[in-house]
Structures are given as C-alpha cells and as structure tokens.
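None of the values given here were measured: they were computed from a predicted structure.
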Amino acid sequence: MYLFDRAFRTIVVGFLAVTCAAVAAFPAGAQTNAAKLKATALPEPLTQESVRELVARQSDEQVRQLLIEQLDRAAAAPAKAKGEKGMSGMVEQDAGMVRERLGGLRDAFVALPATLRQVVASLDDPQGPTVLPRVVALLVGGLVIAWLAQRMYDFALRHYRKRLAPPTAETFTARSFRLAVGLVLDLVGIAVFALAFLVLFLALWQGHVLRRIAILEVLIAVVAVRVTWLFADFLLSSRAGKERLLPFADAPARRLRRFAALLAALWGVGNFLRAVLAGAGANAATIDLLIISTGVLGLALLLWTVWHVRAAIADLIRGDGTRGAVAGWLAELWPVIATVFFVAIVAARIYDVLTGTPVVAGAGFLSVLVVVAMPIVDMVICRAIAAAAAAPTATSSPVPGFVAAYESVFRRAVHIVVIVVGLLLLAQLWDINLFAMAQASMGGKISSSLFGVCIVLLLAYLLWEIAKTAIDRRLQAEADPQSDVPASRLRTLLPLLRLLILITIVVMATMSFLAALGVDILPLLAGASVVGVAIGFGSQTLVRDVVSGAFFLMDDAFRLGEYIEVGSDKGTVEKINVRSVFLRHHRGALNILPYGEIKRLRNTSRDWTVHILEFRLTYDTNMLQVKKIIKQIGDELSADSDYAHDILQPLKSGGVLATEDSAIVVRAKFTARPGNTAWVVRRVAYDKIIRAFRAAGIRFAHREVTVNVPPSQGGTETIKEVAGAAAGARIAEAAKPANDDAPR
C-alpha cells in the first residue's frame, strides 16, 4: 500500500508539474490558433440558462463550430441505427468513426498546453491583475471555516457520543444500530460543513460563472471523499476488529478503506476538471481525453485493490468450508472474474467515447459502486439474520425461534433480491432495454415473457420454502416419530398437507408459467375438468378410497404410531397417504389397507385401556387373602415411579369370574394409558402375583380328567385306553393356540 501511495503521489505531482510548465511556456498573450483548437462542448446539465451563458461567452465562429459538431453527431446516430449496409458496413462505419475520434484525441493531446492556458485565462480576470491566488486563499479559508463549524457541531454532541460507547457484551444487530447512529451523526456533520461553506460562498460571491463552477465542484469533491470515507469506516472500522461489520482483518480492511477514498478522490478530480473544461469552452475531444484518462487510472486502482485483497475475500466466499465445490471454485476465480468485469466496463466506456455513443454520465463509476455494494449489502443483511437466529430465546423450548427456523429461507430471498436488483441497476445504468432486446431476438414472444416467467418461478420457490419450513418447524415441535408415543393429530396431517401444498404450487406455477408465455390456459382448465370427471367415473374405487380417507382423517380416527384393528388385520399405523394406510403388525408384517375397504375400525391406543389378569386357583383358596394380596401389589405398582405415570386406576381384584370342574377362575384388572408401558405393567403384575401366591401357600389348579368306566364293560387295559384317549383329547384342547391380542 505504501508503494502504491508513493506511485500515486508521483503521478499526480508529475501531472501538475507538466501542466504548470505548459502554462508557463505559453504566455497569456499568445492566442495562436485558439479558435481552431476548440469546438465548444455543451455544458452538463443542459438547461436554458447554461445554454444562454455558453452562447454569450462564445464568438460567432465558435457558435457555428458547435452547431456543426452537434448536427454531425446527431446525424451519425440514425445512420448507425439503420444498419442498411449490413454487419460489415456497420463495422466499417464504426471503424471509421473510431479513427476519426482517435485523430481528434491526438490533436487534443497536442493542443493540451494551449487548452490549459485558456482554462487558466478563463478562470483569471483578463481586465486586471491576477485573482487566482485570492480565489485559492478564499477557497482554503472557506473550507477551514466550514471545518470549524463542523467541529463546533461535534463539540455540542460530545456527551451524546460518549453514551454511544460500545458495551462489554453487544450483539451484531445492536452494534450495527449503534454504528449506524454514529454514521448519521457524522453525515449531519458533513452537511453542516457543506452548508457553512455555501453560506460563506454566497456571502462573498462576485458573479464569475466559471469560478463559481470550479469552487462548487471543489466542494462536491471534498464532500464526496469525506462521505465515502465515512461509509468505508462504517463497514470497515479502523478500530478493533470486533467493531467491523464486515469480517475482514486489519490489513485488508485498511486497503479497502484507502481504495474507497482514492476512488472517490479520482471521481471528484475528474468531475472537477470536466466541469471546468466544459465551462471554459474546451472542445469535446479534450473532455473525451479526460474521460479516458480517468477511466484508465480508475481501472489501475481497481485491479491493484482486487489482487491485493483476493485472499481475504476468497476466505469469505469459502466460509466455513461447508458451502460446496461451487463456492470453492468461485473463491479461486473471483479475482479473474472481477478483472474481466472491470476491464470490460472501462473498455465499453472508451468504446462509447470513441464511437460518440451517448451514455449516462458516471455510468462506469456507478457500475463499480453497484458491483462492490451488492456483496456488501448481501453480507451485512445475512450476518444480521444469522445474529438474530443465534440470539437466545426467552423459553427453553427445543423448537428454534422464528428467525432461526426461517434463516435459510431469508438468506435465499436476500441473495435473489440483491442479484436481481443489481442486474436491473446495471442494465439501467448502461441504458440496456432487456425487454426490447428480448422482443427483437429469435423467439421474441417467449423471450419477452422471460421476466414474468422468472418472477413466477421465484415466487413459487419462495412460497414453497416458507410453507415447507413452517410445516417442518411445527413437526419438530410434535412428538418424535421414532418414539413409542403415538403422534399427535398435527403430525399425522401435516405431511399430507405439505404434499398437497407442493402439488398446488407446482400446478399453479405451471399454469402461471404457460400464461406468462401467452398460452391460453382456459381450454386447459376446461379439459382438465373433463378429464377429472372421466377419471372419477372410471375409477370409482380410487375416488371412494380418497374420499373415505379424507373423512377418516377429519374424524381423527387414527394417527401415526397408534395401534388399530381393522377386521382381521391389526398393527401400528406406520404411514398414511392419500389412498391407503400402512399397518405394521407387532410380529413384523406390513398390512396395506385402502380406506374404502375399512368397514369397522378399533383403535386401542386412544385415551385409556383396561387390562384383565385371570388365575385358576383350587377350590380351597381363601378369596379374602387373594384380594388382599392383589390390592397390596396394586399399591406397590402405583407407588413405583416407573409405572405410576401410566397407571390411571390401580390393580384390584375382580373376584371369582367362573367355576370349572377342577378350579375357580379369579380375575384382576387395572386401567392404564395406551402404549408399551401398560404391557410392561401387566407382565410385572403377573410376576408379582405368582410369587405372592406361592409365598402365601395359594395353589394354582391343574387340569384333571375324570374317567368313569363301569367295571362290567372292560378290564384294566380297557380302562387305561379310555383314560388315555380322554386325557389326550383334553390336552390337545388345552394346547390350541390362544388368540394373542397383545400388540407387543
């Protein structure tokens, strides 16, 4: 940076030295060929007052030369627009114009000393002694007085600025707001500076038009440099790194601040020289030479800065290394891309000057500002969003806050808006009519609708991202689908709602896309209606399944994770789609049931369940003792922290349920919440009761077979055969598999 500053100072000093030497070599009295050197350029901005002032200062020959040059320039534009000679003719015409312009620039460069002398003479008073030293003194004195007025303003706000000191702990948003308040105060200070200078200037003004223009242009240049420095210091603070809104180290931040100030100074100097030359009656070639010179110097400054901060900006593009390969390639290639872009801007500006194409004043400088401002605005807004997303919430809920949940959506929206607005601004600066170009090209109707198509696609994309993020955020707040707890009604319906929204957005975007292309979508809608009715009549089963499923879901008949029974099929609801429900049996089988086939449904996972425990005891059992044992075990289970939450009514005896040949059947029951824990309580209760009965001497009844064979009908062998057959039949009956109703 030091070497660059030295080089820049050397160039400026050398330029001033050459200018002074040229002015000294050509005395004020020598006016040789002055009238031939200039064909006066029109002032900017072109108003009635400025035109009258310009004509009043010129001779008849100068006015005639100005009229001829402007008429030639006006006649060249329609001839170029017609393009009747074809591509080769247009190229030859442009080449001839460029050669002519280059010749004019060469003549202007040769005549530059005389032009500078003429400008100095126009600024001075030809009727008396020189007034330039007095004007310079008054200018410097006015700037000093204006600076003192600003210092008084700063002194009046010193206590308030102390209250803006950074606290010990400060968020990014709070720091941005604090620095923005300081920036506004500093901008008001510069406004005080400019106002004080203008008041002093108007009080001492004597009426010389060119000196007025020169003094005001100096003020504009000083204000532009100071404002640019304020904004650069706002984003890249010269204080500690934590004060910077943009995450740059000290060295890159210092280079970028100097680049901004030097670029503003170059613009101010160029604007000053251009206004003074135009006001003094310099010809158009001299002004074009100035434009080309400032453009080349600005390009050198841009390229020097790009290649000196390439590593710092590449690190910002890469981020934390999770942005993918595209970000890595962009980080490596961005200096080359920036170099090509800036060279193209300057080359386009020089080409416009050489061909006489009218462009917006300052288009190249404003284009650089737009390109530099786009990533800065994007970075600052995204950092603010990230800081707001990382801010702690008032509650300890695991669900992220609003900004955190929609952070990715906000980032994408910011990227899209910044890029689109930047491209539109660049097209506006260079007077590029994208819509006219699209209509004039091949496939004009499709191309002319490109803007509408892009808007539709962007809106559809953002709408889907917002809806998807909102649904995912709500699903995260519900129960974990991998847990044993059945899902809530929202978790059951939201996936279907997400699919429905996606289908709706795709259909609406497609229709809007076709409408933007000029396709009449009314016949398509009518045809889709007819096709829909035909499909409905031809697929009555499908329609019945869909309609039945809609009513089942509206009735909240089942949810994800619940255990239901549909006829002979049973299982846990694993998946729900538009047409059918998927049941996972507790033995692993997957049952797929269309909604239209469901005639009766039993949900065993809703609200509460009653579990029945049965025991076969001998006839000599003391039922009072059995009742006490079951009650004691029920109290133990209710007091256990592992089971107390799921037990709604404790285990208690239900008395004798039935009597059999060799046993009495005793029943116990308890009420619990649906789920696996209830079946665990059931198993634990069985185990405790069996152990307690064994400890109390209560015996379980065994099945017995009594065979009554009269003695007269057979001997001992016959009795054994009959008894064996009866016992075998009884054992086979008892060995039949029972219906396992347990879902686990």
Participant: Does atom CZ of R151 have more than 12 heavy-atom neighbours from other groups under 6.0 Å away?
Facilitator: no

Participant: Could you tell me the separation between the CZ atom of R254 and the CG atom of L236, rounded to the nearest 0.5 Å?
Facilitator: 12.0 Å

Participant: Starting at OG1 of T305, measure out to CG of L262 and round the result to the nearest 0.5 Å.
Facilitator: 8.0 Å

Participant: Where is the tightest heavy-atom contact between R255 and W304, given as atom of each residue plus distance?
Facilitator: CD-CH2, 4.5 Å

Participant: Please report, to 0.1 Å, the donor-acceptor pairs under 3.5 Å made by any side chain of residues 218-225, with sequence neighbours excluded.
Facilitator:
none

Participant: Could you tell me whether D186 and R161 make a salt bridge, using a distance below 4.0 angstrom between a side-chain N and a carboxylate O?
Facilitator: yes

Participant: For residues F248 and I313, determine if any side-chain heavy atom of one lies less than 4.5 Å from a side-chain heavy atom of the other.
Facilitator: yes

Participant: Tell me, do F193 and L143 make a side-chain contact under 4.5 Å, heavy atoms counted?
Facilitator: yes

Participant: Could R106 and F109 be counted as a cation-pi pair, given that NZ or CZ must be under 6.0 Å from the ring centre and within 45° of the axis?
Facilitator: no

Participant: Are any non-hydrogen side-chain atoms of R134 and L138 less than 4.5 angstrom apart?
Facilitator: yes

Participant: Less than 4.5 Å apart, side chain to side chain, heavy atoms only: is that true for V209 and R212?
Facilitator: yes

Participant: Shortest non-hydrogen contact from V343 to L299?
Facilitator: N-CD1, 3.9 Å

Participant: Which heavy atom of A285 sits nearest to which heavy atom of G104, and what is that distance?
Facilitator: CB-O, 3.5 Å

Participant: Please identify which of these residues, V119, L290, I287, meets the side-chain contact (heavy atoms from CB on, under 4.5 Å) condition with L273.
Facilitator: L290

Participant: Judged by modelled atom types alone, do W267 and T228 share a side-chain donor-acceptor pair under 3.5 Å?
Facilitator: no

Participant: Side-chain contact, heavy-atom cut-off 4.5 Å: L139 with F197?
Facilitator: yes

Participant: Rounded to the nearest 0.5 Å, how far apart are CZ of R274 and CG of D288?
Facilitator: 8.5 Å

Participant: Could you pull out the closest heavy-atom pair between G189 and Q150, with the gap in Å?
Facilitator: O-CG, 3.4 Å

Participant: Considering only heavy atoms from C-beta outward, does the side chain of L216 approach that of L198 to under 4.5 Å?
Facilitator: yes

Participant: Quickly, which of L301, L302, I337 forms a side-chain contact (heavy atoms from CB on, under 4.5 Å) with F342? Name it, please.
Facilitator: L302

Participant: Quick one: OG on S237 to CZ on R257, what's the gap to the nearest 0.5 Å?
Facilitator: 7.0 Å

Participant: Just how far is it from atom CD1 of I350 to atom CG of L105, taken to the nearest 0.5 Å?
Facilitator: 10.0 Å

Participant: Search all heavy atoms of A275 against all heavy atoms of I213 and return the closest pair with its distance.
Facilitator: CB-CG2, 3.9 Å

Participant: Looking at A282, is its backbone amide N or carbonyl O close enough to the side chain of T286 to form a donor-acceptor pair, meaning the two atoms are under 3.5 Å apart?
Facilitator: no

Participant: Give me the atom names and distance for the closest heavy-atom approach of A261 to W229.
Facilitator: CB-CE3, 3.8 Å

Participant: Taking Y153 for the side chain and L185 for the main chain, is one N or O donor matched with an acceptor at less than 3.5 Å?
Facilitator: yes

Participant: Side-chain contact test, heavy atoms from C-beta onward, threshold under 4.5 Å: evaluate it for D233 versus L183 and give yes or no.
Facilitator: no

Participant: Is there side-chain contact between V421 and M374, with heavy atoms separated by less than 4.5 Å?
Facilitator: no

Participant: Can you tell me if R158 uses its side chain to pair, donor with acceptor, with the backbone of F155 under 3.5 Å?
Facilitator: yes

Participant: For the CE atom of M152 and the CG atom of D154, what is their distance to the nearest 0.5 Å?
Facilitator: 11.0 Å

Participant: Just by modelled atom types, is the I291 backbone N or O under 3.5 Å from a matching donor or acceptor in the T294 side chain?
Facilitator: yes

